[in-house]
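Take a look at the structure below.
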Amino acid sequence: MDAIQQLQQYIEESNRIVFFGGAGVSTESGIKDFRSVDGLYHMKYKYNPETILSRSFFTKHTDEFFEFYHDKIVQPTRNAAPNTAHKVLAQLEAQGKLSAVITQNIDGLHQMAGSQNVLELHGSIHRNYCMNCGAKYTLAETLANGTIPHCECGGLIRPEVVLYEEPLDDTVITKAIHAISSADLLIVGGTSLTVYPAAGFLDFYQGSKLVVINLDSTGYDSKAALTISGKIGEVLGQLAI
Ligand code: APR
């Protein structure tokens with residue numbers, strides 16, 4: 001049985017599937033990931049991108065933060081559409097076989113593909129709020145407010161995105177751990193599994209069918225029942241579901 005057939009069989013015999021993904025799920029939608037050789041973190045900037053995307057940089061160099069965030073994070077996402085990976089996962093949920101998508105991505109493409117239960121560990125560019133009065137803004141409303149958006153009350157509008165040095169949302173953490181610990185099949189894809197606490201949630205999986213679908217190897221490959229080195233959209237697109 002080849003790897004795709006094995007994945008097909010795992011999916012057919014499971015009904016509490018959880019998918020855990022990262023930036024590699026959106027590269028086939030034209031959005032660069034972070035750590036691949038052509039990823040965002042390998043480009044040259046005045047500061048290290050992981051420094052720019054931190055709370056302290058946001059506070060001290062607000063203008064430069066928004067310039068980078070707008071040009072390198074928001075703009076590339078605006079015209080992106082869900083790819084086969086997003087669509088297949090939404091179909092599995094619609095069939096009652098997949099209970100949750102847990103993503104490190106902030107692009108909203110899983111929801112755009114029709115997934116309902118999406119746990120966004122790092123937040124979303126589509127949710128923005130005024131740091132003074134708490135008023136909520138969509139991405140379009142925020143962008144209409146300029147690169148450094150301000151609320152009618154004068155407060156700064158920031159994205160509901162988890163920056164480095166910031167904690168993840170407790171409710172999302174609880175839901176993600178519950179989903180993973182009750183999953184019969186855990187499919188991990190398009191992530192280097194190098195950022196914590198996100199990557200550590202995999203340790204709550206109690207089943208025996210961990211599948212990793214990733215272009216590069218990951219630190220969890222040795223624990224996987226099945227590893228597939230390939231493009232996740234192409235791999236999931238070969239499934240008969
Ligand atoms: N199919 C499968 N795997 C892919 C594909 C693809 N089409 N494209 C890229 N990959 C793999 C790469 O080989 C890489 O291992 O996806 C992984 C992407 O890893 P990262 O760029 O590190 O992205 P991610 O794991 O999501 O990063 C986690 O880091 O900076 C933070 O907040 C940011 O959420 C992000 C977190």
Side-chain angles (χ1 to χ4, degrees), residues 6-26 29 33-34 82-127 160-162 166-214 218-228 232-233 235-237 239 241:
Q6 178 64 76
L7 177 58
Q8 180 80 43
Q9 181 183 316
Y10 280 163
I11 287 174
E12 281 167 6
E13 61 194 24
S14 306
N15 53 31
R16 281 191 325 284
I17 301 170
V18 166
F19 179 78
F20 181 100
V25 178
S26 294
S29 294
D33 67 13
F34 298 98
N83 64 58
T84 305
H86 300 105
K87 292 172 186 169
V88 168
L89 292 168
Q91 279 176 278
L92 286 172
E93 182 189 54
Q95 291 171 3
K97 291 181 73 64
L98 181 139
S99 55
V101 165
I102 301 169
T103 184
Q104 299 166 89
N105 297 345
I106 58 176
D107 55 34
L109 291 180
H110 285 292
Q111 292 93 325
M112 235 179 271
S115 287
Q116 303 291 314
N117 189 23
V118 181
L119 301 174
E120 293 170 305
L121 298 177
H122 295 158
S124 172
I125 61 169
H126 297 282
R127 294 190 298 276
E160 194 180 299
V161 165
V162 179
E166 291 184 331
L168 275 59
D169 178 275
D170 286 337
T171 309
V172 175
I173 292 175
T174 306
K175 288 179 177 176
I177 291 174
H178 174 70
I180 290 177
S181 51
S182 41
D184 51 10
L185 171 61
L186 178 59
I187 304 175
V188 176
T191 175
S192 60
L193 294 174
T194 51
V195 171
Y196 287 78
F201 293 156
L202 300 192
D203 296 336
F204 287 94
Y205 178 55
Q206 296 166 36
S208 57
K209 291 184 287 188
L210 169 64
V211 175
V212 180
I213 306 171
N214 209 59
T218 77
Y220 279 79
D221 292 358
S222 57
K223 298 179 184 168
L226 176 65
T227 57
I228 302 176
I232 186 159
V235 170
L236 296 184
L239 295 171
I241 57 166

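One is the number of the first residue; the rest follow in order along the sequence.
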Passing option when Tyr205 is tested against Ile177, Val18, Leu210 for side chain to side chain contact (heavy atoms under 4.5 Å, CB included): Leu210

Let me know which of Gln116, Glu120, His86 forms a side chain to side chain contact (heavy atoms under 4.5 Å, CB included) with Gln111. Glu120

Option among Asp33, Asp107, Asn83 that satisfies the side chain to side chain donor-acceptor pair (under 3.5 Å) test with Ser26: Asp107

Asp203/Lys223 ion pair, N-O < 4.0 Å: yes

Within the structure provided, determine whether [X] and [Y] are in side-chain contact (heavy-atom separation under 4.5 Å).
{"X": "His110", "Y": "Leu89", "answer": "yes"}
{"X": "Val211", "Y": "Leu7", "answer": "yes"}
{"X": "Val172", "Y": "Leu121", "answer": "yes"}
{"X": "Phe19", "Y": "Leu92", "answer": "no"}

How about Thr227 and Asp221: does a side-chain donor come under 3.5 Å of a side-chain acceptor? no

Going by atom types only, do Gln91 and Gln95 share a side-chain donor-acceptor pair under 3.5 Å? no

Donor-acceptor contact present, side-chain [X] to main-chain [Y], <3.5 Å:
{"X": "Lys97", "Y": "Ile17", "result": "no"}
{"X": "Glu13", "Y": "Ile11", "result": "no"}
{"X": "Asn117", "Y": "Ser99", "result": "yes"}

Show me, pair by pair, the donor-acceptor contacts under 3.5 angstrom made by side chains of residues 184-201, not counting sequence neighbours?
residue : atom : partner : partner atom : Å
Asp184  : OD1  : Arg16   : N            : 3.1
Asp184  : OD2  : Asn15   : N            : 2.9
Asp184  : OD2  : Arg16   : N            : 3.2
Thr191  : OG1  : Gln104  : NE2          : 2.8
Thr191  : OG1  : Leu193  : N            : 3.1
Ser192  : OG   : Thr194  : OG1          : 2.8

